[in-house]
Amino acid sequence: MDLVKGTVSVVIPTLNAAKYLGRLLESLLAQTRPPEEILVVDSASEDGTPGLCAGVERVRCIGIRREDFDHGGTRHMALEASGGDYVLFLTQDALPRDEKYIEYLLQPFSDDRVAMASGRQIARPGAPLAEGLTRAYNYPAQSHVRSREDIGRMGIKAFFASDVCSAYRRQAYEAVGGFERPALISEDMLIAARFLLNGWKVAYQADAAVYHSHAYTFREQFVRNFDTAACMAMHPEIFSGIPTDAEGIRMVRYVLKGLLRKGRLPEAVRYCFECGAKLYGNRLGAKYKDLSREKILRCTMNRRYWEREWQGEEAAENAGKNG
């Protein structure tokens, strides 16, 4: 395959990542297209994470206060601190499947209008079957590129992207103003939408695969979906009129069929409860403006975001009164 020209930076936000980071750095440095630099942005880890970067060629660690982490702002800071023509983001618990991960992830950028590419996520060995089926549905084996013209056909899936494993063309990133900052969650989906609405393309590159999965509790599913729905409600200019329920129903059917086909009835029952937690989170998040601050803080996984936003609103109100 032809190599895309340009320099590559990799950014990895970390928090107590010692059990993952060594293997991840080793994998990145062994790539057929190794990055020119790797920036680890560490949120005051307590397990020795920064020490794993010391003395490692091409690796630099930037420390921030834990309370200052922001999904959009921290990634934006790291991108500005990097020098690559293409900036790749990985989460600490994502591991490239093979040594061609970076090479594959850069391939869509041979099209000058592709601004962003995200890779395929495969459940880790031993992950719950429902989690594996969910990853298989959301991250299929077929690659594709979408543009603004595909939004009507694809609905919410047109904006679906993940900074678990992603790459950005610096020129395009700067052209649209970068990540939402501060960002409650879903900085990746928001910038994907911004790219499409500004005439760029967004790619899904299935050959660029990482192992990544979670075993969330019902509570964790609820708060994640609350924040995601609240984030979408904050941006009616993007999501108003974009259908979401049909896509969710299709995924639920896919996962349930897979579980029942394998005879996993107890897991299927648990998955139904999990979907109930997600749905409840979605419904509450979509109506966050009607909720009290106390209720929001009980429902979110990002208390600092809301507290900072409220402090900013109160400061603006006081400045207006004093002015």
Side-chain angles (χ1 to χ4, degrees), residues 1-42 45 49 52-53 56-61 75 78-79 82-110 114-127 131-132 134-145 160-170 187-188 192 202-215:
M1 66 179 72
D2 295 332
L3 293 179
V4 174
K5 294 181 180 179
T7 55
V8 176
S9 300
V10 175
V11 173
I12 310 169
T14 59
L15 172 61
N16 294 330
K19 66 178 180 180
Y20 301 113
L21 189 59
R23 190 176 179 190
L24 176 54
L25 294 177
E26 181 182 350
S27 173
L28 291 171
L29 293 171
Q31 292 285 303
T32 56
R33 177 73 180 274
E36 275 70 23
E37 63 175 345
I38 301 173
L39 271 65
V40 174
V41 183
D42 187 68
S45 289
T49 293
L52 296 176
C53 306
V56 181
E57 184 182 5
R58 307 186 190 187
V59 178
R60 177 160 53 106
C61 184
R75 287 179 170 87
L79 186 145
S82 71
D85 299 309
Y86 302 96
V87 181
L88 282 56
F89 288 91
L90 283 162
T91 54
Q92 63 189 36
D93 57 345
L95 182 68
R97 180 178 61 178
D98 55 43
E99 73 281 359
K100 290 190 175 183
Y101 167 74
I102 292 179
E103 188 175 339
Y104 285 135
L105 190 59
L106 293 178
Q107 279 302 298
F109 294 104
S110 59
V114 169
M116 175 188 185
S118 57
R120 184 182 181 191
Q121 297 181 36
I122 301 171
R124 291 176 177 272
E131 176 71 357
T134 300
R135 299 282 164 179
Y137 180 85
N138 285 328
Y139 305 97
Q142 298 77 34
S143 301
H144 65 263
V145 177
F160 186 72
S162 175
D163 279 338
V164 165
C165 51
S166 62
Y168 293 84
R169 185 190 301 273
R170 181 183 294 274
E187 82 294 333
D188 36 25
V202 174
Y204 168 68
Q205 176 62 306
D207 292 332
V210 300
Y211 294 109
H212 178 258
S213 54
H214 293 285

Are the side chain of S213 and the backbone of R124 linked by a donor-acceptor contact shorter than 3.5 Å?
-> yes
Taking all non-hydrogen atoms of both residues into account, name the closest pair between A192 and V202 and its distance.
-> O-CG2, 3.9 Å
Is the shortest heavy-atom distance from the side chain of L90 to the side chain of L28 under 4.5 Å?
-> yes
Does the side chain of I12 come within less than 4.5 Å of L25's, by heavy atoms?
-> yes
When rounded to the nearest 0.5 angstrom, what is the spacing between CG in L105 and CG in L88?
-> 5.0 Å
Between the side chain of Q31 and the main-chain N/O of Y101, is any donor-acceptor distance below 3.5 Å?
-> yes
Any side-chain heavy atom of M116 sitting closer than 4.5 Å to one from D163?
-> yes
Partner of V8 under side-chain contact (heavy atoms from CB on, under 4.5 Å), chosen from S82, P35, P34 = P35
Shortest non-hydrogen contact from F109 to V4?
-> CB-CG1, 4.1 Å
4.5 Å side-chain heavy-atom contact, H212 and D93 = yes
C53 versus L21: any side-chain heavy-atom pair under 4.5 Å?
-> yes
Side chains of T32 and E99, donor plus acceptor under 3.5 Å = no
Any donor-acceptor N/O pair, R170 side chain to V87 backbone, under 3.5 Å = no
Taking atom types as modelled, is there a side-chain donor on Q121 or Y139 under 3.5 Å from an acceptor on the other?
-> yes
Side-chain contact test, heavy atoms from C-beta onward, threshold under 4.5 Å: evaluate it for L39 versus L79 and give yes or no.
-> no
Would you give the length of the straight line joining atom CZ of R97 to atom CG of D207, rounded to the nearest 0.5 angstrom?
-> 7.0 Å
Donor-acceptor contact present, side-chain E37 to main-chain G83, <3.5 Å = yes
Note: I122 and A209 closest approach over all heavy atoms is CD1-CB, 3.9 Å
Are side-chain heavy atoms of V210 and T91 found at a separation under 4.5 Å?
-> no
Closest non-hydrogen atom pair between S143 and A206, with its separation = OG-N, 2.9 Å
When the aromatic ring centroids of F89 and Y168 are compared, is their separation below 6.0 Å?
-> yes
Counting distance only, does the side-chain N/O of S118 pair as donor-acceptor with the main-chain N or O of Y204 below 3.5 Å?
-> no
State the SG-CZ distance between C165 and R120, to the nearest 0.5 angstrom.
-> 11.0 Å
Between the CD atom in Q107 and the CD atom in E103, the distance rounded to the nearest 0.5 Å is 6.5 Å
Ignoring hydrogens and geometry, is there a side-chain-to-backbone donor-acceptor pair from T49 to A18 under 3.5 Å?
-> yes
Rounded to the nearest 0.5 Å, how far apart are CD of E187 and OG of S162?
-> 8.0 Å
Do L29 and I38 pass the side-chain contact (heavy atoms from CB on, under 4.5 Å) test, and can you show the C-alpha distance, the side-chain angles, and the key distance before you say yes or no?
-> CA-CA 9 Å; L29 293 171; I38 301 173; 4.0 Å; yes
Between the side chain of R33 and the main-chain N/O of Y104, is any donor-acceptor distance below 3.5 Å?
-> no
Would you say T7's side chain and D85's backbone share a donor-acceptor pair under 3.5 angstrom?
-> yes
Test item: Q92 side-chain N/O and L15 main-chain N/O as donor-acceptor pair under 3.5 Å | yes
